[in-house]
Amino acid sequence: MGCKGPKSLIGVRNENTFLDLTVQQIEHLNKTYNTDVPLVLMNSFNTDEDTKKILQKYSHCRVKIYTFNQSRYPRINKESLLPVAKDVSYSGENTEAWYPPGHGDIYASFYNSGLLDTLIGEGKEYIFVSNIDNLGATVDLYILNHLMNPPNGKRCEFVMEVTNKTRADVKGGTLTQYEGKLRLVEIAQVPKAHVDEFKSVSKFKIFNTNNLWISLAAVKRLQEQNAIDMEIIVNPKTLDGGLNVIQLETAVGAAIKSFENSLGINVPRSRFLPVKTTSDLLLVMSNLYSLNAGSLTMSEKREFPTVPLVKLGSSFTKVQDYLRRFESIPDMLELDHLTVSGDVTFGKNVSLKGTVIIIANHGDRIDIPPGAVLENKIVSGNLRILDH
């Protein structure tokens, strides 16, 4: 019996949503160690009401769930450099005039919400921060033990989990050391002349997973001193009506240089499992992973620990289209690389091994038949299996 949310949301595994898995992990932690670790969700004004409705489903779980809202910043007209908003309301034409200013806003919003003081008052010392779409971000007791019992006797105020960069991660932020402090460098901050150098896997070998362990007392001290210093990222956007605007954002990891005794810990790739596209979703829904107490782990039946490279084309971009194109998720235990492009569907119990490339040209359709085993195959042209 696990804590599950509404079935109308996308199920990552066995109808479990991202939030289900997170709640199940923390509930398992609380039951195993007879503790009271809460879950804190940072929302934007766009998601707050929907989130509160969904959270009612978890009232029977052994997890306290708190929410707080990010700030609401005005979008700036790129030409006039004036706010797009006509007034401070958030309705009608003004809806598009506001934006949540990136996850760097967590420090001020968390402090202003009163939740920071509440948790400190309950005796909490550290908060583990992660993106909710990173299914590898679980509470790691080895890291927690290092924080509580540092070998040199000096407690870290900020730990950033980094992992080895692959060619799929070349845009990820990296850690550097400058003036005796660790700093996070994001690709948006790199001059164009140095972007290729920044993307180099040999020069910058690690990238930020955005799994962070932060001292609550340090956040309170720095916030009250107005001493959290984060670089501002200028994010240009075009609104639906064609208006070019500027959003000023900050990244949560950029505050690392403001904390004392900051540390980067190189963690296994398994702690970075983001699901941002349907290609990512296919991996975590497949038999490559097994689910235990809300945590996904690589199947023992996979002979090597690397994740296959999966590239699904534009016909799979929307989740409802993706789900319609798979009668069941293929067996991918022996898959290295999958590329799918065009109008392609998969029957039940398909097995994919080695490198598989399936290309349906414009106007063609490919139906992979039920039970098909594709090993090191290129499928192209037209292939339709018709009922009779």
Side-chain angles (χ1 to χ4, degrees), residues 1-7 9-43 47 51-52 54-68 103 106 110 115 119 122-148 159-163 208-214 216 252 265 267-276 280-281 283-300 302 305 307:
M1 144 89 181
C3 285
K4 286 194 178 186
K7 289 189 177 181
L9 296 174
I10 297 304
V12 180
R13 284 297 294 253
N14 309 335
E15 295 183 341
N16 288 286
T17 65
F18 289 118
L19 194 51
D20 291 337
L21 297 182
T22 305
V23 172
Q24 287 167 27
Q25 284 170 29
I26 300 172
E27 184 174 53
H28 177 69
L29 195 70
N30 286 338
K31 285 179 176 175
T32 304
Y33 297 97
N34 192 27
T35 185
D36 185 24
V37 174
L39 171 64
V40 180
L41 299 172
M42 181 170 78
N43 277 317
T47 58
T51 302
K52 282 179 177 166
I54 289 164
L55 290 182
Q56 294 169 14
K57 306 278 181 181
Y58 302 106
S59 57
H60 65 288
C61 298
R62 188 174 163 174
V63 180
K64 267 191 209 165
I65 303 179
Y66 300 100
T67 66
F68 68 95
H103 42 55
I106 187 173
F110 191 34
L115 258 180
L119 294 176
E122 290 176 359
K124 308 290 190 239
E125 294 182 61
Y126 284 93
I127 189 163
F128 174 53
V129 179
S130 68
N131 295 352
I132 197 160
D133 64 11
N134 180 7
L135 297 181
T138 57
V139 174
D140 186 290
L141 298 181
Y142 293 105
I143 295 176
L144 186 58
N145 184 53
H146 184 88
L147 287 169
M148 302 306 293
V159 165
M160 176 182 288
E161 294 184 31
V162 296
T163 194
N208 170 29
T209 64
N210 230 30
N211 298 345
L212 309 169
W213 303 74
I214 308 171
L216 293 174
V252 60
I265 296 182
V267 297
R269 181 73 188 204
S270 57
R271 292 191 57 73
F272 184 69
L273 189 58
V275 179
K276 297 185 185 296
D280 299 331
L281 190 57
L283 287 168
V284 299
M285 289 178 78
S286 76
N287 59 348
L288 285 165
Y289 291 95
S290 53
L291 181 63
N292 181 30
S295 296
L296 288 178
T297 51
M298 181 74 78
S299 168
E300 292 176 1
R302 173 105 172 147
V307 178

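What you are looking at is a predicted structure, and each value in this text was computed from that prediction instead of being measured.
Of all heavy-atom pairs between V23 and V63, the closest is O-CG2, 3.7 Å. Scanning all heavy atoms of the two residues, the minimum distance from Q25 to G294 falls at NE2-O, 2.9 Å. Taking each heavy atom of E27 and C61 in turn, the nearest pair found is OE2-CA, 3.4 Å. The shortest heavy-atom contact between R271 and F128 is NH2-CZ, 3.7 Å. Residues P38 and Y66 approach most closely at CB-CE1, 3.6 Å, considering heavy atoms. When every heavy atom of V284 is checked against every heavy atom of Y289, the shortest pair comes out as CA-CD1, 3.9 Å.
For K64, the salt bridge (charged side-chain N to carboxylate O under 4.0 Å, His left out) criterion is met by D36, E122, not counting sequence neighbours. Residues that satisfy the side chain to side chain donor-acceptor pair (under 3.5 Å) test with K124, not counting sequence neighbours, are absent from this structure. Residues forming a side chain to side chain contact (heavy atoms under 4.5 Å, CB included) with S299 (at least two apart in sequence, or on another chain): K301, L333. With sequence neighbours excluded, the residues satisfying side chain to side chain donor-acceptor pair (under 3.5 Å) with T47 are N43. The side chain to side chain donor-acceptor pair (under 3.5 Å) search around H146 returns none, not counting sequence neighbours. Under the side chain to side chain contact (heavy atoms under 4.5 Å, CB included) criterion, N210 pairs with H103, N131, N208, L212, V252, not counting sequence neighbours.
Considering CE of M42 and CD1 of I132, their distance stands at 11.5 Å, rounded to 0.5 Å. Atom CG of L141 is separated from atom CG of N145 by 8.5 Å, given to the nearest 0.5 angstrom. Atom-to-atom distance recorded for K52:NZ and I65:CD1 is 13.5 Å, nearest 0.5 angstrom. To the nearest 0.5 Å, atoms CD (E161) and CG (N134) are separated by 8.5 Å. The distance from the CG atom of L283 to the CG atom of L135 is 11.0 Å, given to the nearest 0.5 Å. Taking CD1 of I26 as the reference point, atom CG of L21 lies at 11.5 Å (rounded to 0.5 Å).
Contact of the L19 side chain with the L41 side chain is registered, since non-hydrogen atoms from C-beta on lie closer than 4.5 Å. Side-chain contact check for T138 versus L29: every heavy-atom pair is 4.5 Å or farther apart. Looking at heavy atoms from C-beta onward, F110 lies in side-chain contact with L119 at the 4.5 angstrom threshold. Under the 4.5 Å side-chain criterion, counting only non-hydrogen atoms from C-beta, V267 is not in contact with D140.
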Check against side chain to side chain contact (heavy atoms under 4.5 Å, CB included), N211 and F272: CA-CA 8 Å; N211 298 345; F272 184 69; 5.8 Å; no
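Between the side chains of S295 and N292, no donor-acceptor pair is found at a separation under 3.5 Å.
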